[in-house]
J.: 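Take a look at this one; I'll ask things after.
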Amino acid sequence: MESLGDWRRDKYVNEVTEDDYDKELVFMGWVQDIMVLGKISFIILRDRGGTVQVVMSRNEIGANRYNFLKKLPRESVIAVKGVVVPNPQVQQGFEIQCKEIRVLNLAKSPLPISVDGQVRANMDTRLDWRFLDLRKPEVQAIFKIRSTVLSAMRDILLEEGFIEIHTPKIVATATEGGTALFKMKYFDRVAYLNQSPQLFKQSMMATGLDRVFEIGPAFRAEEHDTLRHLNEYTSIDIEMAFSDENDAMEVLERLVVRVYGKVLAENYSDLQTLNVEHTVPEPPFKRVKYSELIERLQNEGLEVEDERSGQKRLIEWGDDIPLEGMKLIAERYKSLYFITHWPTSLKPFYIMPLEGDEEVSHAFDLNYAEKELASGGQRIHLPDLLRRRLEENGLTPENFTFYLNAFEYGMPPHAGWGLGAERFLMVLTGVKNVREAVLFPRDKKRLVP
RNA sequence: GCCCCGGUGGUGUAGCGGCCUAUCAUCCGGGCCUGUCGAGCCCGGGACCCGAGUUCAAAUCUCGGCCGGGGCGCCA
């Protein structure tokens, strides 16, 4: 194999401008395709920035070298030194008149999946060969957007006065209850992978840090097998003291709006590659009460299975809204909206019930059409109420000592939310499967790669 | 956890009892071509998930196994 030597990439192909015309530059990347027309060949070279046509003529580089190079397997890695020549005939408006090529590594053939989009492989096959899958511009575009989204969120939250924290992912006991946890060995003890930073970020409210956020993984051992669930996902969590759920919703609203703006500005070409169009959403997002939605669904005649009898009956207040119901709602609420005033019974124990009407809570969800993106609310800050709510949810307060202690020595009222990064990316990138938004998704069946 | 569905060359598929020494595309190998860019043309290559059964006959039907897809529930 030939070595890099003193060659270094001068530009990615998308960075070439008219100023580079007639200059000799070095490009590096992968051989996407070679079209051989006798004594002249066209190599389609691909790097992160796109593809460019490299023109290689036998007369220019010699017959021996030419005959070797024109047979390079697809996806081999090369460095090309050549002159940038304007040419209105080609897609990019310029091509590279090849002077010299260094073959840095050969690719095996045939390829397990096609990289140039000739044949669409199944998601499963693509994930088995994710590194090849990621050579495709439309797959790379998702992760370029993901990078923008997560860095923008960090910047925006810092600007909003939040402090970034990191809470443990290895925990001793169930945090919220409800969802199943992954069990693991912790030396000679049993430990679990954390399902959410909830309890830790709430305990930060008792410290005076006042506003905190965390971007990190969350693990759920549910055997769900859908296009919108992962067993490991990225959660963006905030918690803010001296606040109620409306303050939390406003932070979320500002964050979402600004992230849209950032993505539109920085990933214009990636959005084009993905064939999605966005406009920055206008705040305030609609706020609709849970009870209104239930009424609407009753008018639509939506039936659910009764938990006790197993019989079909009309949906009623207190029922969770099934996906079918969310789809009906999405016909009217096509974009971003908040669902507020949820029944306390449908929300975790730490959500603050309404004063004077404990059946209703200070919880909200942020949805995009039928997709649930975030959920949050005002939390209980009163220790007695919190203990009672734990018990009402069938949980044992003794298991929550570290958490409850934080409420005993001066805990301010507070609120917060958790936003699913991959769910939000589904909306921004238009992908139908949440697995598309993670490099190496973890689901019930997939642990490798 | 419940309910559907599927496994055919490297990839994506057609075929669903005999017409299959299995279709098409892509791919791979060889050949022709100095302007191709979804290159074109000619020649060649490559597959029925595993096991048992039914049948004169199984890619095709039945059962079991393994692997996968989708829906629901639950949630972000």
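Chain A is the first sequence line, chain B the second, and so forth, proteins listed ahead of strands; every chain is numbered from 1. Computed from a predicted structure; not experimentally measured.
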J.: A/Gln91 CD to B/A39 C1': how many Å, rounded?
T.: 12 Å
J.: Please determine, for B/C66, whether a Watson-Crick or G-U wobble partner exists with both distances under 3.5 Å, and give it or none.
T.: B/G7
J.: Hey, does A/Thr226 reach any base, or is it just sugar-phosphate, or nothing, if we go heavy atoms under 4.0 Å?
T.: base
J.: To the nearest Å, give me how far apart CZ (A/Arg120) and P (B/A25) are.
T.: 18 Å
J.: Have a look at A/Ser375 and say if it touches a base, only the backbone sugar-phosphate, or nothing, with a 4.0 Å heavy-atom cut-off.
T.: sugar-phosphate
J.: Nearest to the A/Gln53 side chain among B/G70, B/G35, B/U26, which nucleotide is it?
T.: B/G35
J.: Kindly point out which of B/C75, B/C72, B/A39 is positioned nearest to the side chain of A/Arg220?
T.: B/C75
J.: Tell me which of A/Gly420 and A/Ser109 sits closer to the 5' end of RNA chain B, going by the nucleotide each one is nearest to.
T.: A/Ser109
J.: Verify, without hydrogens or angle tests, whether A/Arg423 (side chain) and A/Arg228 (backbone) share a donor-acceptor contact under 3.5 angstrom.
T.: yes
J.: Report yes if the side chains of A/Ile236 and A/Leu150 come closer than 4.5 Å at any heavy-atom pair, otherwise no.
T.: yes
J.: When the C1' atoms of B/C72 and B/U55 are considered, how many whole Å apart are they?
T.: 40 Å
J.: Across the strands shown, which category fits A/Glu60 at heavy-atom distances under 4.0 angstrom: base, sugar-phosphate, nothing?
T.: nothing
J.: Answer with base, sugar-phosphate or nothing: what part of the nucleic acid does A/Asn59 contact at a heavy-atom distance below 4.0 Å?
T.: base
J.: Any N or O donor-acceptor pair linking the side chain of A/Arg74 to the base of B/C28 at under 3.5 Å?
T.: no
J.: Nearest to the side chain of A/Lys327, heavy atoms from C-beta on, is which of B/G12, B/C72, B/U36?
T.: B/C72
J.: Roughly how far, to the nearest 0.5 Å, is the CG atom of A/Asp365 from the OH atom of A/Tyr290?
T.: 11.5 Å
J.: Would you classify A/Leu419 as touching base, sugar-phosphate or nothing, given that sugar-phosphate means primed atoms plus P, OP1 and OP2, and contacts are heavy atoms under 4.0 Å?
T.: nothing
J.: What integer distance in Å separates A/Glu324:CD from B/G71:C1'?
T.: 12 Å
J.: Give me the distance, rounded to whole Å, that separates B/G51 from B/G7 when you measure between the C1' atoms they each carry.
T.: 15 Å
J.: Among B/G69, B/A39, B/U34, which nucleotide sits nearest the side chain of A/Met35?
T.: B/A39
J.: Would you measure the distance from the C1' atom in B/G9 across to the matching atom in B/A76 and give it in whole Å?
T.: 41 Å
J.: Which is true for A/Asn87 with a 4.0 Å heavy-atom rule: it touches a base, it touches only sugar-phosphate, or it touches nothing?
T.: base
J.: Tell me whether A/Tyr233 and B/A76 count as stacked here, given that the ring centres must be under 5.5 Å apart and the planes must differ by less than 30 degrees.
T.: yes
J.: Assign the ring pair A/Phe213 / A/Phe162 to parallel, tilted or perpendicular, where the plane angle (0 to 90°) is split at 30° and 60°.
T.: perpendicular
J.: To the nearest angstrom, how far is A/Phe94 atom CZ from B/C37 atom C1'?
T.: 14 Å
J.: Is any NZ, NE, NH1 or NH2 atom of the basic residue among A/Glu60 and A/Lys39 found under 4.0 Å from an Asp or Glu carboxylate oxygen of the other?
T.: no
J.: Any donor and acceptor pair, going by atom type alone, linking the side chain of A/Glu214 with main-chain N or O of A/Thr167 inside 3.5 Å?
T.: yes
J.: Give one of base, sugar-phosphate or nothing for A/Leu227, where a contact means two heavy atoms less than 4.0 Å apart.
T.: sugar-phosphate
J.: Return the nucleotide paired to B/U13: Watson-Crick means purine N1 to pyrimidine N3 with N6-O4 or O6-N4, wobble means G-U with N1-O2 and O6-N3, both under 3.5 Å.
T.: none
J.: Starting from P on B/G10, measure out to CH2 on A/Trp129 and report it in whole angstrom.
T.: 12 Å
J.: Scan A/Glu239, A/Glu245, A/His362 and name whichever one has a side chain to side chain donor-acceptor pair (under 3.5 Å) with A/Arg379.
T.: A/Glu239
J.: Paired with B/U21: which nucleotide, if any, by Watson-Crick or G-U wobble criteria at under 3.5 Å for both distances?
T.: none
J.: Does a side-chain N or O from A/Lys445 land closer than 4.0 Å to OP1 or OP2 of B/G69, or not?
T.: yes
J.: Which one, B/A76, B/G35, B/U34, comes nearest to the side chain of A/His229?
T.: B/A76
J.: May I ask which nucleotide in the shown strands pairs with B/C28, Watson-Crick or G-U wobble, both distances under 3.5 Å?
T.: B/G44
J.: Once you apply the 3.5 Å cut-off to both distances, tell me the Watson-Crick or G-U wobble partner of B/C75, or none.
T.: none
J.: Regarding A/Gln118, tell me which of base, sugar-phosphate or nothing describes its non-hydrogen contacts under 4.0 Å with the strands shown.
T.: sugar-phosphate
J.: Please determine, for the side chain of A/Arg435, which listed nucleotide (B/A76, B/U36, B/G70) has the closest atom?
T.: B/G70
J.: What's the closest nucleotide to the side chain of A/Arg228 if the choices are B/A25, B/C28, B/G73?
T.: B/G73
J.: Hey, which sits more toward the 5' end of RNA chain B by its nearest nucleotide, A/Pro322 or A/Glu223?
T.: A/Glu223
J.: Would you say the side-chain atoms of A/Tyr350 and A/Gln202 include a donor-acceptor pair closer than 3.5 Å?
T.: no
J.: Relative to each other, are the rings of A/Phe349 and A/Phe400 parallel, tilted or perpendicular (30° and 60° limits)?
T.: perpendicular
J.: Dump every N/O contact between nucleotides 30-32 of chain B and the protein below 3.5 Å, one line per pair.
T.:
none

J.: Checking A/Phe364 against A/Phe338 for the ring-ring contact (aromatic ring centres under 6.0 Å, His included) test, could you report, in this order, the C-alpha distance in whole Å, the side-chain angles of both residues, the deciding distance, and whether it holds?
T.: CA-CA 6 Å; A/Phe364 66 85; A/Phe338 287 107; 5.6 Å; yes
J.: What's the CG-P distance between A/Leu230 and B/C74, to the nearest Å?
T.: 18 Å
J.: When all nucleic acid strands are considered with a 4.0 Å heavy-atom cut-off, which category describes A/Glu422: base, sugar-phosphate, or nothing?
T.: nothing
J.: Rounded to whole angstroms, how far apart are CD on A/Gln195 and C1' on B/A76?
T.: 11 Å
J.: Round to the nearest Å and state the distance from A/Met123 atom CE to B/G12 atom P.
T.: 13 Å
J.: Nearest to the side chain of A/Val90, which nucleotide is it out of B/G10, B/G12, B/G35?
T.: B/G35
